[in-house]
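Let me begin by presenting the structure, written as structure tokens, before commenting on it.
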Amino acid sequence: RLAQLLKQFKLPVEASVADLRQAYFRDAKRLHPDSRAAGVDIGKATKDFTQLRADFEEALKMLEQGVAAKEEGFQHTWQNPGTYTSHMGYGYGGEKWSAAAWAAHSQQEEP
């Protein structure tokens, strides 16, 4: 899901919180209902802007959780015998995952 959200903001999966904020402000300026183009319905403009804000908040939360977990040294867990899944950006043995690997992992469905 994080990879999809970052793509909406035209960001790579390696994007930082600062990158996300910059992209959000760029898009918010363009989509704000007060700056809509002539002929664009206020209801549609408001809906688009509200969705942008919701997507930003979701992506921000995911990115911040990943950063906080890395800073705290979040421990990984075994979920099923023979299948290892890690949490918050740490792989087997405690090594840190790249943002790209974490984004790919977050798209996988839980068993």
Side-chain angles (χ1 to χ4, degrees):
R1 176 78 176 135
L2 179 58
Q4 292 171 333
L5 291 169
L6 292 174
K7 187 176 180 180
Q8 284 180 238
F9 286 98
K10 298 177 178 72
L11 293 172
V13 292
E14 300 85 16
S16 67
V17 170
D19 296 333
L20 177 62
R21 283 194 171 119
Q22 185 177 22
Y24 167 72
F25 287 120
R26 175 198 66 219
D27 293 349
K29 184 177 180 181
R30 181 177 51 84
L31 290 176
H32 195 279
D34 290 344
S35 63
R36 69 187 186 283
V40 174
D41 178 54
I42 185 75
K44 179 179 178 357
T46 301
K47 181 181 175 187
D48 291 346
F49 184 75
T50 303
Q51 184 62 52
L52 175 73
R53 180 66 187 187
D55 291 344
F56 166 71
E57 289 175 358
E58 183 179 359
L60 181 64
K61 182 178 178 182
M62 293 171 121
L63 283 176
E64 287 177 339
Q65 284 175 342
V67 168
K70 288 177 183 178
E71 289 172 355
E72 294 171 11
F74 195 91
Q75 297 297 314
H76 51 274
T77 61
W78 289 91
Q79 290 186 340
N80 297 318
T83 305
Y84 182 79
T85 10
S86 66
H87 298 281
M88 301 301 182
Y90 283 82
Y92 182 73
E95 72 276 5
K96 291 185 179 180
W97 286 4
S98 68
W102 175 244
H105 172 75
S106 68
Q107 289 183 340
Q108 296 175 354
E109 292 185 23
E110 290 295 321

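Residues take their numbers from the sequence shown, with the count starting at 1.
Ionic pairing of K61 and E57 is not present here: no N-O contact between side-chain nitrogen and carboxylate oxygen is shorter than 4.0 angstrom.
Atom CD of E58 and atom CD of Q8 lie 9.0 Å apart (nearest 0.5 Å). Considering NZ of K47 and CG of L31, their distance stands at 13.5 Å, rounded to 0.5 Å. Note that CZ of R1 and CG of D55 are 6.0 Å apart. Values are rounded to the nearest 0.5 Å.
Considering only heavy atoms from C-beta on, L52 comes within 4.5 Å of F9 through its side chain. Side-chain contact between Y24 and R21: absent, with no pair of heavy atoms (C-beta onward) separated by less than 4.5 Å.
Residue pairs meeting the salt bridge (charged side-chain N to carboxylate O under 4.0 Å, His left out) criterion with at least one partner in residues 24-35, sequence neighbours excluded, are D27-R30.
Smallest separation of non-hydrogen atoms from L60 and L20: N-CD2, 3.4 Å. Residue A15 comes nearest to L63 through the heavy atom pair O-CD2, 3.9 Å, listed as atom of the first residue, atom of the second, then distance. The heavy-atom pair separating P33 from I42 by the smallest distance is CB-CD1, 3.8 Å. Residues A45 and V40 come closest through the heavy atom pair CB-CG1, 4.3 Å.
Residues satisfying the ring pair (Phe, Tyr, Trp, His ring centres under 6.0 Å) test with F49, not counting sequence neighbours, are H32.
Counting heavy-atom neighbours within 6.0 Å of Q22 CD, excluding the residue itself, gives a total of 12 or less.
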